[in-house]
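Keep in mind that this is a model prediction, so the values were computed, not measured. We number each residue from 1, following the sequence as shown.
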Amino acid sequence: MKATCVILDIGGVLEITPETGSTQRWEERLELPFGTVDERMRDVWQAGCVGSIGEREVHEQVAARLGLDAPQVEAFMADLWAEYLGTPNEELIAYVRGLRGSCRLGILSNSFVGARERETALYQFDELVEHIAYSHEIGVEKPDPRAFEAVCTGLEVRPESCLFIDDLAVNVEAARAVGMQAHLFQDNARTITRIAAHLA
């Protein structure tokens, strides 16, 4: 077993996730002031990120707080998931797939309840890496040090053997604080170069 390890974020790294404006369109459709959806749903979104509520309860809260009927809730959540899931970063995914067997591979993602099922169906991340630590399953989000500890435990690796890749500077800094090497994702070329250097 190789101790060297590469751990990647999903959204903004393995998935390309530009904002689609779906929330704003729903606010216009429901004649709600800009920002109302996030204001009303903030605690629900946060609970879903750390897995303290399930998908069914999320749907119930969306219906109650935004005044939506069942078909509207389904359509609203479908729009949110479309933005969340984005499109696959094919080049980086293919590169990571080629690393299998040469190092330990993991994912650490700030996620939402239901993400594993959807991302497995769409992108097969469970086949790309050996271990995925989703915030809604481990109960903590990056940049909490416990999130990094959880993924290292799952992979049975030491932080100092890991290169962590994320598109948010605060998470990169947090990874370094727990002893990992870390790289701020800006594009595939620089990221692939950095991974290759880590594995050399």
Next item on the list: Kindly give the heavy-atom pair with the smallest separation between Val140 and Ala147, and that separation in Å.
Entry: CG2-N, 3.7 Å
Next item on the list: Please name the pair of heavy atoms, one in Phe112 and one in Val58, separated by the smallest distance, quoted to 0.1 Å.
Entry: CZ-CG2, 3.9 Å
Next item on the list: Using a 4.5 Å cut-off on heavy atoms from C-beta on, say whether the side chain of Asn171 contacts that of Asp9.
Entry: no
Note to self: What verdict does the side-chain hydrogen bond (donor to acceptor under 3.5 Å, both in side chains) test give for Tyr134 and Glu119, after you've listed the backbone C-alpha separation in whole Å, the side-chain angles of each residue and the deciding distance to 0.1 Å?
What the structure shows: CA-CA 11 Å; Tyr134 280 113; Glu119 286 172 335; 2.7 Å; yes
Next item on the list: Spell out, yes or no, whether Val13 and Ile93 are grouped together once hydrophobic residues are joined by side-chain heavy atoms under 4.5 Å, including indirect joins.
Entry: yes
Next item on the list: Could you verify whether a donor N or O on one side chain and an acceptor N or O on the other, from Gln181 and Glu160, lie under 3.5 Å apart?
Entry: no
Check: Regarding Thr4 and His198, is there a side-chain donor-to-acceptor distance under 3.5 Å anywhere?
Finding: no
Item checked: Set of side chain to side chain contact (heavy atoms under 4.5 Å, CB included) partners for Thr193, sequence neighbours left out -> none
Next item on the list: State, to 0.1 Å, how close Ser22 and Leu80 come at their nearest heavy-atom pair, and which atoms those are.
Entry: OG-CD2, 3.8 Å
Next item on the list: State plainly whether one hydrophobic cluster holds both Ile10 and Tyr95, where clusters connect Ile, Leu, Val, Met, Phe, Trp and Tyr through side-chain heavy atoms under 4.5 angstrom apart.
Entry: yes
Next item on the list: Indicate yes or no: at least one non-hydrogen side-chain atom of Met180 is less than 4.5 angstrom from one of Cys152.
Entry: yes
Notebook entry, point to check: How far does OG of Ser109 sit from CD1 of Ile132, to the nearest 0.5 angstrom?
Noted result: 8.5 Å
Check: What distance do Asp166 atom CG and Glu173 atom CD have between them, rounded to the nearest 0.5 Å?
Finding: 11.0 Å
Next item on the list: To the nearest 0.5 Å, tell me how far Ile165 CD1 sits from Gln186 CD.
Entry: 12.5 Å
Check: Out of curiosity, does Leu199 fall in the hydrophobic cluster containing Val157 (side-chain heavy atoms, cut-off under 4.5 Å, transitive links)?
Finding: no
Note to self: Among residues at least two apart in sequence or on other chains, which ones pass ring pair (Phe, Tyr, Trp, His ring centres under 6.0 Å) with His131?
What the structure shows: none
Notebook entry, point to check: Are Gln72 and Asp69 side-chain neighbours, meaning at least one heavy-atom pair lies under 4.5 Å?
Noted result: yes
Margin query: Restricting to side chain to side chain contact (heavy atoms under 4.5 Å, CB included), what partner residues turn up for Thr120, sequence neighbours left out?
Written below: Arg116, Asp126
Which side-chain N or O atoms in residues 34-41 pair as donor and acceptor under 3.5 Å with protein atoms at least two apart or in another chain?
from, atom 1, to, atom 2, distance (Å)
Thr36, OG1, Pro33, O, 2.5
Arg40, NH1, Arg65, O, 3.1

Notebook entry, point to check: Does Phe185 have any ring pair (Phe, Tyr, Trp, His ring centres under 6.0 Å) partners at least two apart in sequence or in another chain, and if so, which?
Noted result: none
Next item on the list: Please report the closest heavy-atom contact between Ile7 and Cys162, naming both atoms and the distance.
Entry: CD1-SG, 3.8 Å
Next item on the list: May I have all residue pairs that pass salt bridge (charged side-chain N to carboxylate O under 4.0 Å, His left out) and include part of residues 20-36, sequence neighbours excluded?
Entry: none
Margin query: Tell me every residue that passes salt bridge (Lys or Arg N to Asp or Glu O under 4.0 Å) with Arg118, counting only those two or more places apart in sequence or in another chain.
Written below: Glu55
Next item on the list: Kindly indicate whether the side chain of Leu99, heavy atoms from C-beta on, has any atom under 4.5 Å from the side chain of Leu105.
Entry: yes
Item checked: Side chain proximity check, Asp79 to Thr20, heavy atoms < 4.5 angstrom -> no
Notebook entry, point to check: Atom CZ of Arg97 and atom CG of Leu128: how far apart are they, to the nearest 0.5 Å?
Noted result: 6.0 Å
Notebook entry, point to check: Heavy-atom distance under 4.5 Å between the side chains of Arg42 and Gln46, does that happen here?
Noted result: no
Notebook entry, point to check: Can you name the residues that form a salt bridge (Lys or Arg N to Asp or Glu O under 4.0 Å) with Asp187, not counting sequence neighbours?
Noted result: Arg190
Next item on the list: Please test Val62 against Val44 for side chain to side chain contact (heavy atoms under 4.5 Å, CB included), starting from the C-alpha separation and ending with a verdict.
Entry: CA-CA 9 Å; Val62 168; Val44 175; 5.7 Å; no
Next item on the list: Could you pull out the closest heavy-atom pair between Val6 and Cys103, with the gap in Å?
Entry: CG2-SG, 4.2 Å
Note to self: Quick check: is Val50 connected to Ile53 through a chain of hydrophobic side chains (ILVMFWY, heavy atoms under 4.5 Å apart)?
What the structure shows: no
Check: Hydrophobic clusters join Ile, Leu, Val, Met, Phe, Trp and Tyr when side-chain heavy atoms are under 4.5 Å apart, directly or via other members; which others share one with Val170?
Finding: Leu168
Check: Quick one: hydrophobic cluster around Leu184, which other residues, with the 4.5 Å side-chain cut-off, linked directly or via members?
Finding: Val172
Notebook entry, point to check: Under a single-linkage definition using a 4.5 Å side-chain heavy-atom cutoff for Ile, Leu, Val, Met, Phe, Trp and Tyr, are Leu92 and Ile16 assigned to the same hydrophobic cluster?
Noted result: no
Item checked: Closest non-hydrogen atom pair, Phe76 against Trp45 -> CE2-CH2, 3.9 Å
Next item on the list: Taking the side chain as every heavy atom from C-beta outward, state whether Leu8 and Leu108 have any pair of such atoms under 4.5 Å apart.
Entry: no
Notebook entry, point to check: Given the rule in the side chain to side chain contact (heavy atoms under 4.5 Å, CB included) test, do Glu83 and Thr17 qualify, once you have shown the distances and angles that lead to the verdict?
Noted result: CA-CA 6 Å; Glu83 181 171 303; Thr17 52; over 6 Å; no
Next item on the list: List in chain and number order the residues that pass side chain to side chain contact (heavy atoms under 4.5 Å, CB included) with Glu91, two or more places apart in sequence or in another chain; answer none if no residue qualifies.
Entry: Asn89, Asn188, Ile192
Checklist line | Interatomic spacing from SG in Cys5 to CD in Glu156 - rounded to 0.5 Å | finding: 11.5 Å
Check: Testing Glu137, His136, Glu141 for side-chain hydrogen bond (donor to acceptor under 3.5 Å, both in side chains) with Ser111, which one passes?
Finding: His136
Check: Angle class for the Phe125/Tyr123 ring planes (parallel below 30°, perpendicular above 60°, tilted otherwise)?
Finding: tilted
Notebook entry, point to check: In chain order, what residues pass the side chain to side chain contact (heavy atoms under 4.5 Å, CB included) check against Ala174, with sequence neighbours excluded?
Noted result: Pro143, Phe148
Note to self: For the OG1 atom of Thr87 and the CD atom of Glu15, what is their distance to the nearest 0.5 Å?
What the structure shows: 8.5 Å
